[in-house]
Amino acid sequence: MSLAIICPGKDPSSWIQAIRSIDPELEIQVYPEIKHPESVEAVLVWQHPKGILSDFPNLKLVSSMGAGVDHILTDESIPEHLPIVRIVDDRLTWSMTNYVVMGVLNFHRQITRYQTDQKKKVWDMSQPEIDVRVGVMGVGALGYDVLEKLDFMGFPVFGLGFSEKDDFKFPYYTRDQLSDFLKEINVLICLLPLTPDTEGVLNKELFDQCEPGTYLINVARGRHLVEEDLAPAIQSGQLSGAMLDVYHQEPLPQDHPFWEVDGLTLTPHIASVTNPKAAAPQVLENIKRLKANEPLKNVVNRSKGY
Ligand code: GLV
């Protein structure tokens, strides 16, 4: 049995090292140098070429290198019976929450404004704090941690998810209550999984329902946002700005208008990068469970898309 690592354009060496340090015996093959496709029973993938998994006749497990699985689910050639698992890791959650907290605090304490003022030698003590009420769309492992930590820091928080939830610890809204949710908040964080249902959810119609001056943080997937709707919403003041980590096309093309939009803070999909050392144990644990015919961990529900 071997594990194939398939992550074109990404250096797999830290994954190989992390996996070997736990299980030196496991045979690892790295795409495109797959010499024995018939021995591959598990794959660890990030944006694999679509259709490639059918090269492995004995494949039994598809493991995502990250928390997101949209890059896997868009490959329609993957048979229904093949289990897909994703990374749910405290370290990944911690990084994501830190990034979001930074974005919220930056808005709350206006650090970007002071940086601009500093360049112009401006001393402006007006409005040292903006009152912040935070809404998190997507209340899975990542969204929940953001809610908990911001709540602990004293910010009013609100969650929105696409399914009904009983006994949620924080005020909770479903999609049909979107406009009520938006009325409560002035910072909107997107941590939804990308599914056909959530694609394009950050659009003009939603921005128009926000409190004027709402700040947007998108750390989920670029395709949650209708990109052409963002600059007009900022320029009209409907949004006071946005912090984006994800885009339709990555790397963000040199001629993309976002580079030039005032009020946008852009980062290159680094909000929460899976740490192979932290995540390798769960990849191997699932391979062990697969061999022992035991239930896998963090299995993706294909019909839900996460
Ligand atoms: C990163 O985008 C991930 O899905 O882990």
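These values consider heavy atoms only, across backbone and side chains, with no hydrogens, waters or symmetry-generated copies. Note that the structure is a prediction, hence the values are computed from the model and not measured. We count ligands from 1, going down the list as the structure has it; atoms in each ligand are counted the same way.
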*Work out whether the distance between some heavy atom of Arg86 and some atom of ligand 1 is less than 4.0 Å.*
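No, Arg86 has no heavy atoms under 4.0 Å from ligand 1.
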*Check ligand 1 against Gly68 and write out every atom of the ligand that is under 4.0 Å from a heavy-atom position of the residue.*
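Selected atoms, number and element: 3 (C), 4 (O), 5 (O).
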_Presence of salt bridge, Glu285 and Lys297, under 4.0 angstrom_ =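 Salt bridge absent between Lys297 and Glu285.
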_To the closest 0.5 Å, what do you measure between CE (Met243) and CG (Asn218)?_
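These two atoms lie 11.5 Å from each other.
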_Please report the interatomic distance CD(Glu205) to CG(Asp229), rounded to the nearest 0.5 Å._
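Taking CD in Glu205 and CG in Asp229, the distance rounds to 10.0 Å.
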*With a 6.0 Å cut-off on ring centres, are Phe168 and Tyr144 close enough?*
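Under 6.0 Å, so yes.
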*asked:* Just to be sure I'm reading this right: ignoring hydrogens, which of His71, Glu250, His269 gets closest to atom 1 (C) of ligand 1? Compare them by their nearest heavy atoms.
replied: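 Nearest heavy atom to atom 1 (C) of ligand 1 lies in His269.
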*Among Ser95, Ala67, Pro193, which one has a heavy atom closest to atom 3 (C) of ligand 1?*
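Looking at heavy atoms only, the winner is Ala67.
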*asked:* What I want to know is whether Arg221 and ligand 1 share at least one N or O pair that is separated by under 3.5 angstrom.
replied: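 The answer is yes, given that Arg221 and ligand 1 share an N or O pair closer than 3.5 Å.
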*Do His256 and Glu227 meet the criterion of a side-chain donor-acceptor pair at a distance under 3.5 Å?*
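Indeed, the side chains of His256 and Glu227 share at least one donor-acceptor pair under 3.5 Å.
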